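Remarks on the structure that follows.
Note that the numbering runs from 1 along the sequence shown for the chain. Since this is a predicted model, take the numbers as computed values, not measurements.
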Amino acid sequence: MSRVYFHIDLNAFFASCEVLLDPSLKGKPVAVSGTTRRSVISTASYEARTFGIHSAMPLEAARKLCPELIIVEPHFQYYRALSDEFMKIISGYTEIIEQASIDECYADMTEVIQRYKHPLDLAWEIQRRVRDEVGVSCSIGVAPNLFLAKMASDMKKPNGITVLRIREVPQKLWNLPIGDMRGVGEKTVPLMEECGIHTIGDLANFNDIEILRPIFGKNTEMMIRRANGYDDREIITEWDAKSMGVSETFLEDITDYDELRGMLRGLSRTLSNRLHSSGKAGFLLSLRIRYADFTNIDRSIRINEPIWKSDDIYVHALSLFNSNWEENPVRLLGISVSDFAGESVLSSQISLFDEKVAHREETISVLNELNEELGGIRLMRASEAVKS
């Protein structure tokens with residue numbers, strides 16, 4: 001039996017949250033952003049998007065497109081609280097959920113949808129509950145695999161429901177610009193256009209795979225399969241994830257070393273808490289640096305003993321950062337731990353952790369907070385805990 005996947009995407013989530021906080025913003029062009037000259041747009045309301053404003057656009061450019069644009073500084077704790085409410089609703093239908101970001105998730109609805117006389121009644125019900133209980137609208141894509149579900153949810157926004165079957169791919173997907181395809185980045189588009197690939201259909205029917213290898217590398221065949229509507233991935237839940245990670249996106253590009261180092265310290269604490277609460281520790285630590293031009297630097301280091309303590313995570317992450325940061329403006333930092341140790345390895349070390357780490361972490365926390373106060377470290381944080 002074919003699987004039935006939903007991709008559920010909260011529409012213009014940050015901006016929608018700000019409207020809930022201040023109803024006078026409803027129907028107006030709103031952008032969530034910092035307020036300095038170097039700030040970039042985090043999310044824009046649909047009214048603002050009609051002016052051509054979009055996420056990652058420099059604030060000054062957005063103001064030129066829409067002089068009456070209302071700039072609102074973010075309230076991330078509020079966003080996270082509403083995101084948690086959203087996930088509680090979805091988890092009431094199925095346990096097979098993958099939260100892709102703060103405002104979207106994949107859900108395997110294969111079993112639950114059979115209880116509905118009309119299959120789309122489930123999607124309508126979820127939309128209604130999210131609207132009534134969380135206060136924001138969502139778009140839902142329904143498809144037999146994750147790629148098509150994501151593509152479907154993007155087709156009707158805001159508040160749309162789209163079903164996309166494999167047999168409908170030539171009709172519904174192939175005429176779309178190649179830049180609309182999930183997995184094709186802004187920098188990749190001109191490279192593909194140089195190869196004569198302007199639409200998703202062009203990629204689906206491209207014959208000379210070797211020409212594309214310099215662009216996609218080992219993912220070349222996978223991208224062509226997806227352009228034809230096929231995707232073999234399965235949902236990765238919290239419990240069977242092969243890695244655990246956290247990341248933070250700056251609202252403003254950061255070049256100050258102390259700020260970036262402080263960010264790594266905070267990420268290390270958060271990741272340590274998640275690992276400990278899940279009873280996990282891993283041998284492989286990975287660092288991601290995303291620059292202002294959206295290029296990524298991914299580096300990893302293998303550790304002799306499984307790590308979960310924040311101080312150990314921080315030391316290795318900072319070492320990777322120092323070795324690979326090119327002193328360019330940074331948009332995002334992320335840390336993950338993978339290659340989890342087996343229960344036999346963990347059982348011999350967890351008790352030692354429980355006895356010693358509380359006092360040590362408390363001491364480290366106090367010292368770092370004092371250091372941050374003295375140094376005047378300023379972090380502009382924007383939101384996301386990821387499961388990679």
Side-chain angles (χ1 to χ4, degrees), residues 2-16 43-56 86 89-90 93 97-110 113 116 118-131 134 136-186 188-189 192 197-205 222-233 235:
S2 298
R3 311 304 296 177
V4 178
Y5 293 107
F6 280 20
H7 180 263
I8 309 165
D9 191 356
L10 302 179
N11 301 140
F13 181 52
F14 290 179
S16 298
T43 303
S45 67
Y46 284 95
E47 291 80 6
R49 295 181 192 188
T50 62
F51 291 88
I53 296 170
H54 56 78
S55 61
F86 161 61
I89 292 174
I90 307 306
Y93 292 94
I97 303 172
E98 180 179 339
Q99 186 168 7
S101 66
I102 193 172
D103 60 353
E104 61 177 318
C105 72
Y106 296 94
D108 187 333
M109 296 295 190
T110 307
I113 203 169
Y116 289 77
H118 303 290
L120 286 186
D121 286 350
L122 173 59
W124 288 111
E125 181 178 306
I126 290 173
Q127 272 194 338
R128 177 187 57 78
R129 289 192 59 191
V130 171
R131 182 187 66 245
V134 182
V136 300
S137 66
C138 66
S139 295
I140 301 177
V142 183
N145 60 56
L146 302 186
F147 171 74
L148 291 182
K150 169 62 178 174
M151 293 298 296
S153 70
D154 286 339
M155 288 181 173
K156 296 178 183 177
K157 288 188 174 183
N159 205 39
I161 296 174
T162 304
V163 178
L164 183 55
R165 305 170 181 85
I166 292 178
R167 66 175 181 269
E168 297 171 326
V169 166
Q171 174 190 357
K172 294 185 177 181
L173 276 194
W174 283 1
N175 288 328
L176 297 178
I178 189 62
D180 288 353
M181 181 175 170
R182 179 71 169 176
V184 176
E186 182 178 347
T188 306
V189 172
M192 300 188 72
I197 299 174
H198 300 277
T199 67
I200 296 177
D202 291 338
L203 176 60
N205 296 287
M222 178 195 72
M223 293 299 293
I224 293 175
R225 278 181 54 79
R226 290 185 184 176
N228 281 281
Y230 297 96
D231 184 9
D232 299 327
R233 290 174 301 158
I235 283 179

Nearest atoms (heavy-atom pairs only) where A123 meets I140: O-CD1, 3.5 Å
Set of residues satisfying ring-ring contact (aromatic ring centres under 6.0 Å, His included) with respect to Y106, sequence neighbours excluded: H7
A149 versus Y5, closest heavy-atom pair with distance: CB-O, 4.0 Å
Student check: side-chain heavy atoms of I97 and I235 closer than 4.5 Å: no
R49 side-chain N/O to A44 backbone N/O, donor-acceptor pair under 3.5 Å: yes
Under 3.5 Å donor-acceptor, T43 side chain and A12 backbone: no
Nearest atoms (heavy-atom pairs only) where S137 meets N159: CB-OD1, 3.9 Å
Polar side-chain atom of E104 near backbone of S101 as donor-acceptor pair, under 3.5 Å: no
From L203, I200, D231, residue fulfilling side chain to side chain contact (heavy atoms under 4.5 Å, CB included) relative to R226: D231
Smallest separation among heavy atoms of S16 and N11, with atom names: OG-O, 2.9 Å
Residue pair Y93 / E125, side-chain heavy-atom distance below 4.5 Å: yes
Candidate list I166, L148, V169, test side chain to side chain contact (heavy atoms under 4.5 Å, CB included), partner Y230, passing option: I166
Within-4.5 Å side-chain heavy-atom neighbours: I178 and D202: no
Minimal non-hydrogen separation, K172 against V163, with atom names: NZ-O, 3.2 Å
Exercise: identify the closest heavy-atom pair between M151 and D180: CE-O, 3.4 Å
Cationic N near anionic O, under 4.0 Å, R182 to D154: no
Side-chain donor/acceptor of T110 to backbone N/O of V4, under 3.5 Å: yes
Contact check, side chains of I126 and F6, non-hydrogen atoms, under 4.5 Å: yes
Check: N228 and W174 side chains under 4.5 Å, non-hydrogen atoms: yes
Test side chain to side chain contact (heavy atoms under 4.5 Å, CB included) applied to S45 - qualifying residues, sequence neighbours left out: A15, V30, E47, A48
Residue pair D9 / S139, side-chain donor-acceptor N/O under 3.5 Å: no
